[in-house]
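Below, read A as the first sequence line, B as the second, and so on, with proteins coming before strands; counting in each chain starts at 1. Remember, predicted model here, so these are calculated numbers, not experimental data.
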Protein chains: 2
Amino acid sequence: MVDVFRALDDETRRIVLDELSVRDGQTLFEICSMLAIRHGLSLTRQAISQHLGVLESAGLVVTERRGRSKFHYFNPEPLSGITGRWPSRKRTEK
Amino acid sequence: MVDVFRALDDETRRIVLDELSVRDGQTLFEICSMLAIRHGLSLTRQAISQHLGVLESAGLVVTERRGRSKFHYFNPEPLSGITGRWPSRKRTEK
DNA sequence: TTGATATGCAAGCAGTTACTTGCCTATAGT
DNA sequence: ACTATAGGCAAGTAACTGCTTGCATATCAA
């Protein structure tokens, strides 16, 4: 089980979340193409697969397997634990 | 300049933010005592000083030096960049 | 079945991180 | 001036992280 904070401590993983938040439900190969073409990241498929594993372990990505493809979906719910830990006191609070 | 995500990827640093959000403006030695007594963390002063340096470099802590003491204040503003990057789509959005 | 596609597992390597140890600077009190 | 207090700098080390390479598994199409 990976911590949400650690999962977010990597620009590649953050970009993956960016991409999934734009187009959800992509496969590993689609994500590889996205990162290579649109972000100039020349990583191997395995490297990206490991990143997806970290994101999934942190609950930020949920997957669904159909046939030989695995679809990845962005789950923003764990992000609430971050700002929820240090609730920024509103100035309207007397 | 340290990334906010990296600064948060450490439980000790997160606890420091917890402590400062409860009692702001503590010195290095006060923070050391807090971590040791209330959290059972037996770290050296230098280790905690380095953590404070990371937090300050990320903008999460601002400091003010008076005499031989340095006071540390929690600045939650950089946290807005985290949830701001992946705005959780509200369900009221059609 | 044969071959191509989509993904998984695991070992190894280089760079980074957290922590310690040792020494140094600066301020305050006597 | 001397001592204690509060903090800073830097090198070294053990553990971890991101990435690659190589091989294996599973699904689909012919």
Would you give me the side-chain donor-acceptor pairs under 3.5 Å for residues 50-65 of chain B, sequence neighbours excluded?
{"from": "His51(B)", "atom 1": "ND1", "to": "Arg13(B)", "atom 2": "NH1", "distance (Å)": "3.1"}
{"from": "Glu56(B)", "atom 1": "OE2", "to": "Thr63(B)", "atom 2": "OG1", "distance (Å)": "2.8"}
{"from": "Ser57(B)", "atom 1": "OG", "to": "Val2(B)", "atom 2": "N", "distance (Å)": "2.9"}
{"from": "Glu64(B)", "atom 1": "OE1", "to": "Arg66(B)", "atom 2": "NH1", "distance (Å)": "3.4"}
{"from": "Glu64(B)", "atom 1": "OE1", "to": "Tyr73(B)", "atom 2": "OH", "distance (Å)": "3.3"}
{"from": "Glu64(B)", "atom 1": "OE2", "to": "Arg66(B)", "atom 2": "NH1", "distance (Å)": "3.0"}

Expressed in angstrom and rounded to an integer, what is the separation of [X] atom [atom1] from [N] atom [atom2]?
X	N	atom1	atom2	value
Leu55(B)	dA18(C)	CG	P	10 Å
Glu64(A)	dA6(C)	CD	P	17 Å
Glu11(A)	dG15(C)	CD	C1'	18 Å
Ile48(B)	dG8(D)	CD1	C1'	15 Å
Asp10(B)	dC16(D)	CG	C1'	12 Å
Leu41(A)	dT20(D)	CG	P	10 Å

Between residues 22-40 of chain B and DNA chain C, which residues have a heavy-atom gap below 4.0 Å? none
Nearest heavy-atom pair of Val4(B) and Pro78(B): which atoms, and what distance? CG2-CB, 3.7 Å
Contact summary for Ser21(B) and Trp86(A), nearest pair of heavy atoms: OG-CD1, 4.3 Å
Nearest-nucleotide 5' precedence on DNA chain D, Lys70(B) against Asp9(A): Lys70(B)
If you assign each of Ser49(B) and Arg6(A) to its closest nucleotide in DNA chain D, which residue comes earlier from the 5' end? Ser49(B)
When every nucleotide of nucleotides 22-30 of chain D is labelled 5' to 3' by its protein contacts under 4.0 Å (heavy atoms), B for base, S for sugar-phosphate only, - for none, what sequence of letters results? B----BB--
Contact class for Ser42(A) (heavy atom, under 4.0 Å): base, sugar-phosphate, or nothing? sugar-phosphate
Ignoring hydrogens and angles, tell me if any N or O in the side chain of His72(A) forms a donor-acceptor pair with the backbone of Lys70(A) under 3.5 Å. yes
Under 3.5 Å: donor-acceptor pair, side chain of Glu30(B), backbone of Thr27(B): yes
Output the single nucleotide from dT20(C), dT20(D), dG7(D) whose closest atom is nearest the side chain of Gln50(A). dT20(D)
Check the pair Arg85(B), Arg14(A) against side-chain contact (heavy atoms from CB on, under 4.5 Å), reporting the backbone distance first and the verdict last. CA-CA 9 Å; Arg85(B) 178 159 180 171; Arg14(A) 294 194 290 266; 3.5 Å; yes
Check step by step if side-chain contact (heavy atoms from CB on, under 4.5 Å) holds for Asp3(A) and Asp9(B). CA-CA 8 Å; Asp3(A) 202 77; Asp9(B) 181 18; 5.5 Å; no
Output, in order, the C-alpha distance, side-chain angles, deciding distance and verdict of side-chain contact (heavy atoms from CB on, under 4.5 Å) for Met34(A) and Gln26(A). CA-CA 10 Å; Met34(A) 283 285 196; Gln26(A) 297 190 56; 3.4 Å; yes
Applying side-chain contact (heavy atoms from CB on, under 4.5 Å), run through Thr44(A) and Ile48(A) and close with a yes or a no. CA-CA 7 Å; Thr44(A) 60; Ile48(A) 298 174; over 6 Å; no
